[in-house]
Amino acid sequence: MAAPAVPGTLRLATWNVNSLRARLPRLLEWLAQVQPDVLCLQETKVADAGFPQAELEQLGYASAAAGEGAYNGVAILSRVGLEDVTRGFAGEPGFPAPESRAIAASCGPVRVWSIYAPNGRTLEDPHYAYKLQWLAALAEAARGELATGARLALCGDFNVAPSDEDVWDPAQFIGSTHVSAPEREAIRALLDLGLTDLQPRALKGAPFTYWDYRAGMFHKGCGMRIDLVLLDAALAAGVRDAYIDRDARKGSKPSDHAPVVVDVRAATVAST
DNA sequence: ATGTCGTGGACGCCACGA
């Protein structure tokens, strides 16, 4: 059973909700139970005018959103401060126009990014080239953020499984997006900046974060780890626990993604 | 193993994205 963080920790989480409106009852229930200090959301699929700010505020969360309606959409919820919000990033490519795929905010001493990488569709699709360009531009933006010396957490749906261990059957993914060498190199480029791909505990089964709705994939354990938390070295050293909340993928009207929850020692976060 | 979801247009069903 999910429970609030132990005292003395900052709880940071990320969740691709696959429509914030469709998921709002599940989200409100989850927030009350897990009580993250900061939550990054992806695929909110809601324009900013329709963002459920009031409902979230009732649970003590300030929110910042970047949404366009039916597709994409990212947001950050925080109960530990939400300052210096930026939407998108310098050099971010579009398809062809810029999309709502990145938002950042300073939540207390941590610079938090909620990102939703392009899917890619197929290796031959123009969307795949766009995905690689987008991830490369993200790395350049992350390099700039790290140069400020601030604590940095890049959280979200990267739509890449970093290694073969991150998919249920590598043989099934030959020739598919999410596992190709260029996509994995794009993640490697982010890690080479000094970021750590945090490995969360699985509460049951393999540590996957996404299971297709179709063909009973969740119940068969056929998932992928594509929702990542990339932390700078100081934050990574302060991690007390990290897990995938698989229970959130169960039950009535779940998202096809499970949240990743990370507890960081507050003393680590506070020292500069 | 493309079998399920979610959205939105234009209407109860289809196109699209994932």
Side-chain angles (χ1 to χ4, degrees), chain A residues 14-30 40-52 55 65-75 93-102 114-135 155-162 166-180 183 186-187 205-206 208-228 244-260:
Chain A
T14 184
W15 194 7
N16 179 324
V17 289
N18 185 18
S19 171
L20 184 50
R21 281 198 242 235
R23 219 63 61 209
L24 192 59
R26 292 289 303 250
L27 174 64
L28 296 176
E29 174 192 42
W30 189 84
C40 297
L41 298 173
Q42 300 86 37
E43 282 207 86
T44 55
K45 298 185 177 180
V46 64
D48 294 348
F51 194 87
E55 287 95 328
E68 62 198 44
Y71 301 118
N72 312 311
V74 286
F95 194 73
E99 301 177 306
S100 299
R101 295 187 176 277
S114 178
I115 77 108
Y116 174 52
N119 175 285
R121 299 179 186 164
T122 68
L123 298 182
E124 300 78 26
D125 196 293
H127 208 256
Y128 177 76
Y130 166 51
K131 179 181 194 174
L132 295 178
Q133 288 163 9
W134 194 92
L135 288 168
C155 310
D157 180 357
F158 286 74
N159 268 317
V160 179
D166 297 314
V167 298
W168 60 278
D169 181 5
Q172 300 291 326
F173 286 85
I174 293 168
S176 298
T177 60
H178 295 62
V179 301
S180 73
E183 289 167 280
I187 300 300
F208 299 141
T209 64
Y210 162 82
W211 299 260
D212 198 298
Y213 283 126
R214 294 169 288 194
M217 298 289 263
F218 176 66
H219 300 286
K220 295 173 186 171
C222 301
M224 310 170 74
R225 187 178 72 92
I226 56 176
D227 299 274
L228 310 179
I244 299 160
D245 193 356
R246 184 181 180 280
D247 284 350
R249 180 62 178 78
K250 298 181 183 171
S252 173
K253 296 189 81 66
S255 170
D256 43 2
H257 295 250
V260 178

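By convention in this document, chain letters (A, B, ...) are assigned in the order of the sequence lines, proteins followed by strands, and residues within each chain are numbered from 1. These values consider heavy atoms only, across backbone and side chains, with no hydrogens, waters or symmetry-generated copies.
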- Contact letters for nucleotides 8-18 of chain B, in which S counts primed atoms plus P, OP1 and OP2 and B counts the base, heavy atoms under 4.0 Å: S--------SB
- Query: How close or far is atom P of B:dC5 from atom CE of A:Met217, stated in whole angstroms?
  - Reply: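 Going from A:Met217 (CE) to B:dC5 (P), I get 14 Å.
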- Nearest whole angstrom, please: distance from the P of B:dT2 to the CZ of A:Phe173.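 Result: 13 Å.
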- Can you name the residues that form a side chain to side chain donor-acceptor pair (under 3.5 Å) with A:Ser114, not counting sequence neighbours?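 Checked A:Ser114 against side chain to side chain donor-acceptor pair (under 3.5 Å); matches are A:Gln42.
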- Residue list, side chain to side chain donor-acceptor pair (under 3.5 Å) with A:Trp211, at least two apart or on another chain: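 By the side chain to side chain donor-acceptor pair (under 3.5 Å) rule, A:Trp211 matches no residue at all.
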- Would you check if the distance from the ring center of A:His127 to the ring center of A:Phe95 is below 6.0 Å?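 Yes - the distance between ring centres of A:His127 and A:Phe95 falls below the 6.0 Å cut-off.
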- Message: Between A:Leu27 and A:Leu41, is the side chain to side chain contact (heavy atoms under 4.5 Å, CB included) condition met? List the steps.
- Response: CA-CA 10 Å; A:Leu27 174 64; A:Leu41 298 173; 4.2 Å; yes
- Given the rule in the side-chain hydrogen bond (donor to acceptor under 3.5 Å, both in side chains) test, do A:Trp30 and A:Asp245 qualify, once you have shown the distances and angles that lead to the verdict? CA-CA 10 Å; A:Trp30 189 84; A:Asp245 193 356; 2.7 Å; yes
- Item | Pairwise C1' distance for B:dG12 and B:dT7, with rounding to whole Å |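 After rounding to an integer number of Å, I get 15 Å for this pair.
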- Message: If I pick the C1' atom on B:dA10 and the same atom on B:dC16, what distance separates them, to the nearest angstrom?
- Response: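 Roughly 15 Å separates the two C1' atoms.
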- Message: Parallel, tilted or perpendicular: which one describes the rings of A:His257 and A:Tyr210, with boundaries at 30° and 60°?
- Response: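 Rings of A:His257 and A:Tyr210: tilted, as their planes differ by 30° to 60°.
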